Amino acid sequence: MRILVTGGAGFIGGHIVEVALARGWEVRTLDSLDPVVHPVRPAVNPGASLLVGDVGDASTVAAALEGIDVVVHQSAKVGLGVDFSDAPDYVRNNDLATAVLLAGMASAGRDKLVLASSMVVYGEGAYTDSSGRLVRPGPRRAEDMEHGIFDPRDPVTGELLLPTLVTEGAVLDPRNVYAASKLAQENLASAWARTTGGTAAALRYHNVYGPWMPKDTPYAGVASLFRSALARGAAPRVFEDGGQRRSFIHVADVAEANLCAVEALAAGGVMAAGSMRAYNVGASEVHTIGQVAGVLSTVGGGPVPVFTGEFRLGDVRHITASSARAKAELGWAPRRSFEDGMREFATAPLRGELP
């Protein structure tokens, strides 16, 4: 198997490169090694060929695609950003670059793509009322949150809703620029597949954590922000009441999901030619943001978390994954438990730390 991993020097991409090489595959990495993303130059496994360049450059993409069987597209600007002035960067790095890559694949006759997507395309997760009926929540009310009521309500009855697992068939509702750019990547991949007869698997990652996660930046995940606070000797500060539910998934399991998707594409039969298929990639267990802060504080011997009660009206309350489709169609299931994974992560190196 010969694969191209865009963003292969990054957090998730680097783990994909490692497990693909361990499986005996030929791996080519395309990464810009942007110093803004990599303040400390990352080590790239010498077993993979490294092409330093921009996914948004057509000539670079053409060279990267030579002799490749499957493209694993991880390169992207991630996180929620700082403010709307980040929008051009997200569109350029995520959507324009993806369009250039897909155009290059069409020209080169490369017809298999694994795309890194995200849970953010859903907006809020799935909810039911007390009878078990699925209900799409309205925006959370500021007056509720000021009184410590953080769960969303039924927009018709006003009843507080109960969280459940979100499936790939849920209504998509991107709520920020990053989310909009990830959904645009999926739409581009779908259009490419229909036009060229190619096949794409879009892996909607849930909350990924693990070794070499980006250090404390406006674009880092919540687990990394807690780790960075503890490294400074500060208590993790948790918004709301810490009860926000998530599907925290170890990066090694995410890497395995990508390899399972590559193998499914290569084998054919699961995904129809000319189509894109979405898959949730999340943990089997549901945990809260408060639990993450608590485990990291305990294992790291740091200050106990502070539950601030502060809130941001645009934040998602609960989003947890049903990964049943990935298990049934790709043969993938997470293997790292929450406890073992967080215990490892509490002392694991972060990207951006000096050796």
Side-chain angles (χ1 to χ4, degrees), residues 12 15-16 19 70 72 74 112-129 131-137 161-174 179 182-183 185-187 189-190 193 199-210 244-273 275-289 291-292 316-341:
I12 296 173
H15 283 271
I16 294 170
V19 295
V70 182
V72 182
Q74 305 295 309
K112 296 176 178 64
L113 171 72
V114 179
L115 171 67
S117 187
S118 172
M119 67 177 191
V120 297
V121 299
Y122 295 116
E124 276 285 356
Y127 294 84
T128 69
D129 62 16
S131 70
R133 180 179 61 92
L134 281 171
V135 177
R136 189 73 180 165
L161 297 173
L162 304 172
T164 189
L165 301 181
V166 67
T167 66
E168 293 85 353
V171 175
L172 304 182
D173 181 23
K182 296 307 289 183
L183 182 54
Q185 284 185 302
E186 288 195 16
N187 289 337
S190 181
T199 313
L203 305 185
R204 292 175 178 166
Y205 302 156
H206 284 249
N207 289 74
V208 185
Y209 72 96
Q244 305 95 310
R245 292 158 53 102
R246 299 289 187 270
S247 294
F248 290 94
I249 183 75
H250 194 281
V251 66
D253 285 322
V254 173
E256 289 290 341
N258 277 270
L259 266 61
C260 288
V262 168
E263 291 175 331
L265 286 170
V270 173
M271 289 161 271
S275 69
M276 186 203 75
R277 185 86 162 147
Y279 296 91
N280 282 331
V281 175
S284 302
E285 309 156 322
V286 171
H287 290 90
T288 67
I289 288 176
Q291 286 175 313
V292 172
V316 172
R317 175 60 174 173
H318 303 298
I319 180 164
T320 53
S322 166
S323 299
R325 178 184 288 181
K327 294 169 187 175
E329 297 184 9
L330 305 182
W332 171 83
R335 294 187 293 175
R336 283 79 179 174
S337 72
F338 176 81
E339 291 75 15
D340 289 345

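Because only heavy atoms are used, hydrogens play no part in the values below, and waters and symmetry mates are left out as well, while side chains stay in. Please read all numbers here as calculations on a predicted model, not as lab measurements.
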Original post:
Side chains of H318 and L161: does their closest heavy-atom pair fall under 4.5 Å?
Top reply: no

Subject >> Side-chain donor/acceptor of T199 to backbone N/O of M271, under 3.5 Å >> reply: no

Original post:
Any side-chain heavy atom of R325 sitting closer than 4.5 Å to one from T167?
Top reply: no

Subject >> N280 side, atom CG; I249 side, atom CD1 - distance, nearest 0.5 Å >> reply: 11.0 Å

Subject >> Nearest heavy atoms of V70 and L265, plus distance in Å >> reply: CG1-CD1, 4.2 Å

Original post:
Considering only heavy atoms from C-beta outward, does the side chain of H206 approach that of R246 to under 4.5 Å?
Top reply: no

**OP:** Considering only NZ, NE, NH1 and NH2 on the basic side and carboxylate oxygens on the acidic side, decide whether D340 and R336 come within less than 4.0 Å.
**Re:** no

Subject >> K327 to S284 - nearest heavy-atom pair and separation >> reply: NZ-OG, 3.4 Å

Original post:
Hey, are the side chains of V114 and Y279 touching, using non-hydrogen atoms and a 4.5 Å cut-off?
Top reply: no

Original post:
Do Y122 and R204 meet the criterion of a side-chain donor-acceptor pair at a distance under 3.5 Å?
Top reply: yes

Original post:
Using 30° and 60° as the class limits, which term best fits the ring planes of H287 and F338: parallel, tilted or perpendicular?
Top reply: parallel

Original post:
Taking side chain as C-beta onward, heavy atoms only, is D173 less than 4.5 Å from R136?
Top reply: yes

Original post:
With distance as the sole test, does K182 use its side chain to make a donor-acceptor pair with the main-chain N or O of A116 at under 3.5 Å?
Top reply: yes

**OP:** Check whether any side-chain heavy atom of F248 lies under 4.5 Å from a side-chain heavy atom of I289, and answer yes or no.
**Re:** yes

Subject >> E124 side chain to R317 backbone, donor-acceptor under 3.5 Å >> reply: yes

**OP:** Take H250 and Y209, measure what ring pair (Phe, Tyr, Trp, His ring centres under 6.0 Å) needs, and give me the verdict at the end.
**Re:** CA-CA 5 Å; H250 194 281; Y209 72 96; 5.5 Å; yes

**OP:** Output, in order, the C-alpha distance, side-chain angles, deciding distance and verdict of side chain to side chain contact (heavy atoms under 4.5 Å, CB included) for V286 and L165.
**Re:** CA-CA 9 Å; V286 171; L165 301 181; 4.1 Å; yes

Original post:
Would a distance-only check, ignoring hydrogens and angles, find a side-chain to backbone donor-acceptor pair under 3.5 Å from D253 to A283?
Top reply: no

Original post:
Any donor-acceptor pair under 3.5 Å linking the side chain of E256 with the backbone of W332?
Top reply: no

**OP:** Taking all non-hydrogen atoms of both residues into account, name the closest pair between A264 and L330 and its distance.
**Re:** CB-CD2, 3.7 Å

Original post:
Are S117 and M276 close enough that some pair of their side-chain heavy atoms sits under 4.5 Å apart?
Top reply: no

**OP:** State whether the side chain of S323 and the backbone N or O of G282 hold a donor-acceptor pair below 3.5 Å, judged by distance alone.
**Re:** yes

Original post:
Quick one: are Q244 and V316 in side-chain contact, heavy atoms under 4.5 Å?
Top reply: no

Original post:
Can you tell me how far CD1 of I16 sits from CD of Q74, rounded to the nearest 0.5 angstrom?
Top reply: 3.5 Å

Subject >> Euclidean distance, Y127 OH relative to L162 CG, rounded to 0.5 Å >> reply: 10.0 Å

**OP:** Locate the shortest heavy-atom distance separating A321 from S247; write the atom from each residue and the value.
**Re:** N-OG, 2.8 Å

